[in-house]
S.K.: 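Structure incoming, see below.
Residue numbers begin at 1 in each chain, while the letters A, B, ... track the order of the sequences. Note that the structure is a prediction, hence the values are computed from the model and not measured.
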Amino acid sequence: MYLWLTLAVNSIALGGLLFLLSAGFSLIFGLMRIPNLMHGSFFMLGAYFGVSFLAHGANFWIAALASGAAMAVIGGLIERFLLRRLAGDPLPQVLLTLGFSFIIADICLMVWTGDPIQPATPAGMTGALQAFGIFFPLYRLVILAVAVVVAVALWLLIDWTRLGAMIRAGVDDAPIARVVGIKVSRLFTLIFCLGAALAAFAGVMGAPYLSVYPGLDSEMLPLALIVVILGGTGSLLGALVGSFLIGFLYNFGQAMFPDLAYVILFLPMVLVLVLRPQGLFGKVVP
Amino acid sequence: MNSRHLRFAAIAIALSLLATLPFWVGNAYYINIASQILFWAIFALALNVLVGYAGLVSLGHAGLFGVAGYTAALLLQAGYGHGTAILLALVAALAAAAAFAVLALRSTGIGFLMITLALGQILWGIAYRWVSLTNGDNGVVLHGRPAPFGVSLATPSAFYYTTLVVFVFAILSMVVFTRSPFGASVCGTRDQPRRMSALGYHVWLIRFIAFLFSGFWTGVAGLLFIYYNQFISPQVVALQTSAEVLLMVISGGTATLLGPITGAVIVVIMKNVVSAYVERWNLVLGVIFVAIITFMPEGLVPGSMRLWRLGWRALTNRRTNVLKSLPEPPA
Amino acid sequence: MSALSVNALCKSFGGLRVARSVSLNVEPGERRLIIGPNGAGKTTLFHLIAGELSPDSGSVTLFDRDITRLPSRKRAHLGMARTYQIITLFSRDTILHNVILALLGLSPLRWNPLVDLKGQHDLTERAHDALARVGLSHIAGRPLAETSYGERRRAEIAMALAQNPKVLLLDEPFAGLSIDERRGVRELLAAIPREVTIVMIEHDMDTALDLANRITLLHFGEVIVEGTRAEVVNDPRTREVYLGE
C-alpha cells in the first residue's frame, strides 16, 4: 500500500514536471507544426545552468528563473537565425532541432562531465508532510503546486489576453493569421523562447528530484513527445491531462514491468498516432 | 567523348580500385574502414529508397538495422548456424519493416517521421531494458564469421571482399529498381500522391513495398555490421544511429545513387578521424547536420555536380545555352 | 444507360454543407458544363465524383455501376479521368515522362521492378502519340518545369486522354490561359471523339458555352438550374445567382 502511494506521489510530481516541459513543446508543435527535438536538451541544459547558478550561491528560485531566461535567449537566437531561414519547410526544421540536440548534449558533457549531479532540495522545502499516516515529501508537492500555478498562468495568457488570441489564431491557421495581420513569425520566436524557458525552468525544478546527468535529454524528450501526442498538439488541457497520465504510466510501468518500460510508454503513443492523430484534445492537423 | 562513356569509365575505374583495394591500401585498419564504409553505404542506400525515392523521411531505421542484428546474434548465441541466423534475421527485418510500414504509413511528412521515431525508440527500449532477452547494455557477443564454401572471413581482406560483393549486389538492385516502372511509380508517389491515385496507382501499396525493399537492405547492412564488429549493443538501435544514416543520405544528396554512398564515405571517415583524436563525435555530427541543412539542402553530390557542369562549360568556352530552354515566343 | 449519374449526393464539413442533395445525369457522349459562382461547390462535386472525397449520403454511378465506395484509383481503371484546377504535374520530369506515368497507371507494368522503363518502346510510342494529339510533340523531351502554363494544361489533357477514358472530368481547363491558348485548348476539346463523355467546370462562358450540350448551374452546393444552353441562359434564376437580384 505504501509503495502504491509513494508511486502515486512520485507520479504526480513527475506529471507536474512533465507539464512544465510539455506545455512549451505543445505550443511549439501546435504553432510551428514541428516537434522540437531539442526540447529535452533545453530541459537538461537548463538543469545544468541551474546547478551552476546554485553552486555560485544563488537562491533556488533565482537560479530557476535565471536559467529559464538564459534558455529563452538561446532558444530565441536559434529560432530567429536558423529555424526561421527554413520557414515553411517543417522537415528540415525538425532535423535542425535534432542536430542541435546532439550539439547541446555533447557540450553539456564537456562542461559538466559525466557524473550525475543532484543539487540539494531547496531550504524550507525539505522534509515531508504527514497525512493519513503517510509521509509526502514536501518538495514533490511544491513541484505540483508550481505546475498548477504555471498552468493557470498559461491558461490566462492563452485564453484571456490579446497575445493569447493571436497564438490561438496562429495554432488554428498560421497562413490566414498572417493574412489578417498577425505577425506570425514573431509569435514563432516568442513561443519558442517561452517553450525553452519553461523547459529550462522545469529542468531546474526537477534537478533535486531527478538529478542531472548525461542522457537526461533523451529520457525527457520522448516523454514530452508522448504527452503531446496523447494530449493533442497546441492544447494546454491536453498537455495537462497527458502529463499526469504519462507520469503515472511511467512510474507504475517501471515498477511493475521494468523490462517493458519503454514499450508501455511508446505503445499508446503509436496507437494514438495511428488511430486518432490529433490526440485526445487536439485539433485535426491538416 | 560523351557523358555516357565518361560515366562508364568512371565506374570501371572505381570498381577496379575497389577490387584491388587491399593491395594498394595495405594497412588492415584502412581496409576495415573501407568495409565499414561499404556496409554503411548499403544502409544509406536502403534508407534513401524511402527518403529520396518515396519521399518519406524515417527516423526509426536503426530499429530495423537492430532487429536484423539482434536476431542473428541471439540465434548464433543459441547455437544455430550462420545460414539459419542470416535467413531468419532477414525475415525478421522484413517483418519489422512491414509492421513499421503499416503503422507509419497512416501518415506522411512529420507524422510519418514521428511514428518511425517512436517505433525505433520502442525497439531501442526493448534492446536496452528487456535484459533477459537481449542482455541489455552488455550486448551480445558473436564468435566468428560464416565461412561460405569453406573460405574463412576472419581476415580484414576476406571480410572486405565479401562486403564488396554484397555492396555490388545492393547497388545493382538499386539501379534496376530506379530504372524500373515500379521505381517510377515510387517517385511519382513522392511528387504527386493525389495525382497518382487519380491516375490509377495504389499509392499506399507502392509505399509499403518500397518500405519492405528498404527494410531488406537495411537488414543486410545490419548483418554485415554485426559480423564486422562481432558484437551488438543497444547503442546500435539508438536514435543517434538513425540520425547518422539520415545524415549520410542528406549530406550526399537524395536524388542520386552516388549521394548516399558519398554521404557514407564522409560520415564514416569523419567519425573515425574525429573519434581517434577527441571524444566529440556527437558535437561534430550535430554541427554537420545543422550546417548541411542550413546551407546545402540539396546535398553535396548534386551541388558538386552542378559546379562540375558549370566548370566544364567554362573550361571549354561553350556558351551556356540558357536561351534555348525558354519556351517559344508566341507567333 | 447514363454515362455518369449522381444521386442525392450530400456532403458537409462540420456545419458547412458543400453538397446538398446534388443529382445529375450525364448521357454517353454528352458534353455537360457545370457553372456557378465561386464557392458553389463545383470542385467539391468533382472530388466526390472522382472519389477523392466520400459523400455523407447519396451515390455515384458510372455506366450503371455503383462506384460510391470505390477509391479513386479504381475509378481510373473503370474509365474515369480528370484534370485539376491547379495543375499539379510531375515537375521534376519531362513532359513525355508525365504522359508515360499516365499510361503506366492503368498498366500492370507499373508493378514491375525488374525491366527498364526506358526500354518499353510500346509505351513510349503511345506517349508520343498522345502528345502529338495535343500538339506537344516538339517539346516532348522538355522538363515540365521549363514549360509554359498553356503547355502544361495541354500536357495534362494529353495525360487524361492517354488513358482512353470513358468519362473525362475537366476542372476549369481554361483557367489561367491566354486568348490564343484558350482557342487552342478549345479546339482540342472540341476534337475529342463522342466515345468520351465530358463533364467540365468552367468560368469562362465565352469559350465554354458552345462546347456544351447541357448546362448545370450550382450554387451553395445545390443544383439551381439544369437544361440546354438556351434554357439555362434564359432562366431568371441564373441571373439571380450571378447578379444577386
Side-chain angles (χ1 to χ4, degrees), chain A residues 29 33-35 37-38 41 78 81-83 85-86 89-110 114 214-215 218 221-222 225-226 228-229 233 254 257-275 277-278 285-286, chain B residues 51 55-57 59 99-100 102-134 136 234 238-240 242-244 246-247 250 278-295 297:
Chain A
F29 202 160
R33 300 269 188 262
I34 55 170
L37 296 183
M38 56 188 295
S41 318
I78 294 177
F81 293 109
L82 288 169
L83 276 177
R85 284 181 61 137
L86 303 165
D89 221 348
L91 217 41
Q93 291 183 315
V94 176
L95 295 180
L96 193 82
T97 61
L98 182 67
F100 267 108
S101 74
F102 292 138
I103 295 176
I104 293 179
D106 226 20
I107 290 179
C108 288
L109 196 56
M110 276 197 289
S218 329
L221 175 66
L225 201 60
I226 297 171
V228 167
I229 297 297
T233 61
Q254 291 249 43
F257 309 105
D259 277 353
L260 297 174
Y262 244 64
V263 181
I264 292 182
L265 275 184
F266 275 98
L267 219 42
M269 171 174 162
V270 173
L271 284 173
V272 170
L273 273 174
V274 165
L275 295 173
Q278 68 268 35
V285 175
Chain B
V51 174
L56 300 165
V57 179
L59 266 184
F100 268 44
V102 164
L103 292 170
L105 284 177
R106 301 274 305 190
S107 197
T108 50
I110 299 287
F112 181 87
L113 183 85
M114 293 209 301
I115 297 178
T116 54
L117 171 64
L119 290 171
Q121 288 299 100
I122 289 181
L123 288 176
W124 174 80
I126 293 177
Y128 188 57
R129 292 294 183 90
W130 200 339
V131 180
S132 52
L133 177 69
T134 63
L239 179 59
Q240 191 187 326
S242 291
E244 276 178 22
L246 183 61
L247 178 65
I250 60 180
V278 77
E279 276 182 36
R280 299 273 76 86
W281 168 240
N282 262 1
L283 182 63
V284 175
L285 175 67
V287 169
I288 298 177
F289 230 83
V290 169
I292 292 205
I293 290 167
T294 314
F295 301 116

S.K.: Where does L113(B) contact chain A at under 4.5 Å (heavy atoms): side chain, backbone, both or neither?
M.R.: side chain
S.K.: What distance do N282(B) atom CG and C108(A) atom SG have between them, rounded to the nearest 0.5 Å?
M.R.: 11.5 Å
S.K.: With only heavy atoms counted, which part of F29(A) is less than 4.5 Å from chain B, the side chain, the backbone, both or neither?
M.R.: side chain
S.K.: Determine whether I78(A) and M38(A) make a side-chain contact, defined as any pair of heavy atoms from C-beta on separated by less than 4.5 Å.
M.R.: yes
S.K.: Go through the atoms of L225(A) and report whether side chain, backbone, both or neither lie under 4.5 Å from a heavy atom of chain B.
M.R.: side chain
S.K.: Is any side-chain heavy atom of I110(B) closer than 4.5 Å to one of R33(A)?
M.R.: no
S.K.: Answer with side chain, backbone, both or neither: which region of L95(A) has an atom nearer than 4.5 Å to a non-hydrogen atom of chain B?
M.R.: both
S.K.: Distance from I34(A) atom CD1 to Q93(A) atom CD, nearest 0.5 Å?
M.R.: 4.5 Å
S.K.: With a 4.5 angstrom heavy-atom cut-off, which part of L123(B) approaches chain A: side chain, backbone, both or neither?
M.R.: neither
S.K.: By a 4.5 Å heavy-atom criterion (distance strictly below it), what part of L117(B) contacts chain A: side chain, backbone, both, or neither?
M.R.: side chain
S.K.: Kindly compute the distance separating CG (L275(A)) from CG (L103(B)), expressed to the nearest 0.5 Å.
M.R.: 9.0 Å
S.K.: Which bit of V57(B) comes within less than 4.5 Å of chain A, counting heavy atoms only: side chain, backbone, both or neither?
M.R.: side chain
S.K.: Just by distance, do the side chain of S41(A) and the backbone of I104(A) share a donor-acceptor pair under 3.5 Å?
M.R.: no
S.K.: Taking every non-hydrogen pair under 4.5 Å, which of F257(A), F102(A), F100(A) racks up the most with chain B?
M.R.: F102(A)
S.K.: Checking heavy atoms, do the side chain of W281(B), its backbone, both or neither come under 4.5 Å from chain A?
M.R.: backbone
S.K.: If we ignore hydrogens and angles and just use 3.5 Å, is the side chain of T97(A) paired with the main-chain N or O of V94(A) as donor and acceptor?
M.R.: yes
S.K.: Can you tell which of L98(A), I226(A), L271(A), L86(A) has the highest number of heavy-atom pairs within less than 4.5 Å of chain B?
M.R.: L98(A)
S.K.: With only heavy atoms counted, which part of L59(B) is less than 4.5 Å from chain A, the side chain, the backbone, both or neither?
M.R.: side chain
S.K.: Out of L91(A), I107(A), L37(A), L109(A), return the one with the most heavy atom pairs under 4.5 angstrom to chain B.
M.R.: L91(A)
S.K.: Ignoring hydrogens and angles, tell me if any N or O in the side chain of T134(B) forms a donor-acceptor pair with the backbone of V131(B) under 3.5 Å.
M.R.: no
S.K.: Counting only heavy atoms closer than 4.5 Å, note whether L82(A) contacts chain B via side chain, backbone, both or neither.
M.R.: side chain
S.K.: So for I264(A), is it side chain, backbone, both, or neither that comes closer than 4.5 Å to the heavy atoms of chain B?
M.R.: neither
S.K.: Just checking, is any N or O donor in the side chain of R129(B) or Q254(A) under 3.5 Å from an acceptor N or O on the other one?
M.R.: yes
